[in-house]
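First up is the structure itself, then whatever we jot down about it.
All residue numbers in this chain count up from 1 along the given sequence. Basis for what follows: all heavy atoms, side chains included, without hydrogens, waters or symmetry-related copies.
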Amino acid sequence: MKLIALCLLCILQTAVPVFAQSTAQDAQSTDQDAVAAVRYEDHVAVGHNVDVPAADTADSVVAVLGSASVEGHAHSDVVSVLGSTRVTGPADGDVVSVLGSTYIDSHVSGDATAVLGSLKLGPHAQIDGDATAVGGQLIRDPGAVVHGGVQQVGPNASMNLGPLTPWVRHALMLLRPLAIGPGLGWAWGVAGVFLALYLLLAFLAPRGIERCVQSLELHPGPTLLAALACVLLTPPLIMLLVVTVIGIAAVPVVVLALFCAALFGKAAALAWLGGRFMPRRSPAEPLSMVLAVLIGGLIVSAIYLIPVLGLLVYKLLDLLGLGMVAHALILAARARRAASPRPAAGPSGPGGGPSPSPSPSLAPAASEPHATSPAGGVAAASAPPPPPFAPPAGVVSGSAASTLPRAGFWIRMVALLLDLIVVGIVLRILHWHHLILIGLAAYGAILWKARGATLGGIVFDLHVVRVDGRPVDWTTAIVRALGCFLSLAIVGLGFFWIAFDENRQAWHDKFAGTLVVRVAKDASAVRV
């Protein structure tokens, strides 16, 4: 028995230290695994930067709308989107950047790729895979080693999104148009430029803005329906123009017209909003309309800072403004149609049918006084005296221009296209095609003075006349020609103004005090 007890004691003395050592090793292994699990976790960030210090390690490093900086050890890929990437520590995977610059000065086990951004390899860079820059510049130090292929795909179209990144991070990601923070001064500058443009529109066309505001106030339902119709019908219209092939040339015109309508509508929407906080103003007063737009612009700028609500208000004002312009144009077209004279039914002619109405040029005016005979009786109306000497054919002068119909937007644009083709052909023959705009302006000024119309205007019976009824002189023609450059400067908005203006005047017409009227063939030599 003593011998057995002695043997058991020896076994226990031997087994306990071994068991204790094994337990300690297991615990130490568990601690190391836990530490490894903590150290090798992914580093992923959206909207801010990711930094891996030199004494730290990480698995995958991903930064979206932020920069990625790896000085430690990355056991997997390093990816950045809309941000710069800097890798100075070893990376066991690929290094990829999209829309951002990348700098590598360490060992990379995979590929190094930059898409629409520059890829720069430092003197200590060692790439086991390929180094590729797609649409960006690849800069390689002579000491850099690349075991795979080195290629730059496509032209250098790298995008410097440095100013844009803070706006995307602080504004777009929070669903608001504006934000306050470093690097966002350019966004407020753009907003200020657009506000200045809206103020200019309100000053130049207060009556048009007022009509759009009245359209919303008096007909809110049809205005919203017009906005929805514009949004829903625009894509099918563009697709139809593209499918017909011939209409492809009209696609830029339609898109530009919608853009100008949206600008004008946004100014009208701001005027409507600002007018809610102003006393009753006289309609179409320029300074009152400018003040209303300014107040509305300041209000919406404050709303734009609110997440989610700012973006909703921004889109709602765009939609509302487009509907206001569309419905105001519909109302204006109806008013012109209702105001146009209609032929009245004359007395019955032979056989009981209506007799043809006399020609307006031959029938005496209703207000014309009758000649009185010496006996006190009323004599028959005498024929009107013959008109005085008329100006050259094709020239309209005097007060007769005020009674003629105004030329609309589309017919003037077709006439302008014809003039552009004629001038372009002539300048091409003379090898002066680079002076197309100057040549077109000189061509227009000369013919406006000499004939009152260019070749395109003569084809479509269009004539340029002065608002005051005086003949077009050289000063008027030159001012109108130079004003065309200003009408073209802001995405052609001065020409699209014809579609919205009451008198169908472009900006250069307003500067020169002119109108473009349509004249019938038999009335081209009338002078009053």
Side-chain angles (χ1 to χ4, degrees), residues 176-178 187-227 230 257-306 309-332 335 486-487 490-491 493-494 496-507 510-511:
R176 57 182 180 180
L178 294 175
W188 288 95
V190 171
V193 169
F194 274 96
L195 180 58
L197 180 58
Y198 300 146
L199 296 174
L200 177 63
L201 295 178
F203 181 77
L204 292 177
R207 301 183 68 177
I209 297 290
E210 182 70 23
R211 289 183 177 181
C212 292
V213 172
Q214 292 178 355
S215 173
L216 178 63
E217 292 178 343
L218 301 178
H219 311 281
T223 300
L224 293 178
L225 290 178
C230 291
L258 289 173
F259 175 74
C260 294
L263 285 179
F264 195 84
K266 191 63 170 292
L270 294 179
W272 169 78
L273 180 61
R276 307 306 95 194
F277 300 89
M278 291 178 57
R280 188 65 183 175
R281 63 184 187 279
S282 58
E285 184 180 344
L287 295 181
S288 297
M289 196 61 65
V290 169
L291 182 59
V293 173
L294 179 60
I295 294 175
L298 295 177
I299 292 174
V300 298
S301 297
I303 298 176
Y304 287 168
L305 297 174
I306 304 174
L309 180 62
L311 186 60
L312 289 177
V313 171
Y314 176 81
K315 300 306 295 182
L316 180 60
L317 288 178
D318 286 345
L319 181 65
L320 195 62
L322 189 60
M324 293 165 68
V325 171
H327 192 253
L329 291 176
I330 294 174
L331 293 178
L486 182 60
S487 296
I490 307 177
V491 295
L493 183 60
F496 284 98
W497 204 263
I498 302 170
F500 306 104
D501 190 74
E502 180 182 9
N503 288 320
R504 299 294 179 263
Q505 288 180 293
W507 286 0
K510 293 184 178 294
F511 296 144

Test item: Arg176 side-chain N/O and Gly310 main-chain N/O as donor-acceptor pair under 3.5 Å: no
side-chain contact (heavy atoms from CB on, under 4.5 Å) between Lys510 and Leu204, intermediate numbers included: CA-CA 9 Å; Lys510 293 184 178 294; Leu204 292 177; 5.7 Å; no
Validation row: Phe277, Ile299 side chains within 4.5 angstrom (heavy atoms): yes
Among Leu309, Leu316, Leu311, side chain to side chain contact (heavy atoms under 4.5 Å, CB included) partner for Val313: Leu309
Over all atoms of both residues, closest heavy-atom pair of Ala326 and Cys230: CB-SG, 3.7 Å
Inter-residue atom distance Phe496.CZ - Ser487.OG, 0.5 Å rounding: 11.5 Å
Met289 versus Pro206, closest heavy-atom pair with distance: CE-O, 3.7 Å
Ser288 OG to Ile209 CD1 distance, which is reported to the nearest 0.5 Å: 13.5 Å
Arg211 side chain near Glu502 side chain, heavy-atom distance below 4.5 Å: yes
Euclidean distance, Met278 CE relative to Ile295 CD1, rounded to 0.5 Å: 5.0 Å
Full working for side-chain contact (heavy atoms from CB on, under 4.5 Å) between Phe259 and Leu263: CA-CA 6 Å; Phe259 175 74; Leu263 285 179; 3.6 Å; yes
Exercise: identify the closest heavy-atom pair between Leu199 and Val290: CD2-O, 3.4 Å
Under 3.5 Å donor-acceptor, Asp501 side chain and Asn503 backbone: yes
Student check: side-chain heavy atoms of Cys212 and Phe264 closer than 4.5 Å: yes
Heavy-atom closest contact (Leu305 atom, Trp188 atom, distance): CD2-CZ2, 3.6 Å
Parallel, tilted or perpendicular: rings of His219 and His327 (30°, 60°): tilted
Ala261 to Val325 - nearest heavy-atom pair and separation: O-CG2, 3.6 Å
Heavy-atom check, side chain of Phe203 versus side chain of Val293, under 4.5 Å: no
Contact summary for Ala292 and Gly275, nearest pair of heavy atoms: CB-N, 4.1 Å
Verdict with reasoning, Tyr198 to Lys266, per side-chain contact (heavy atoms from CB on, under 4.5 Å): CA-CA 8 Å; Tyr198 300 146; Lys266 191 63 170 292; 3.3 Å; yes
Spacing of CH2 belonging to Trp507 relative to CG belonging to Leu493, to within rounding of 0.5 Å: 4.5 Å
Distance (rounded to the nearest 0.5 Å) between Trp272 CH2 and Leu320 CG: 6.0 Å
CG-CG distance between Leu298 and Leu273, expressed to the nearest 0.5 angstrom: 10.5 Å
Exam field: side chain Thr223 to backbone Ser215, donor-acceptor pair closer than 3.5 Å: yes
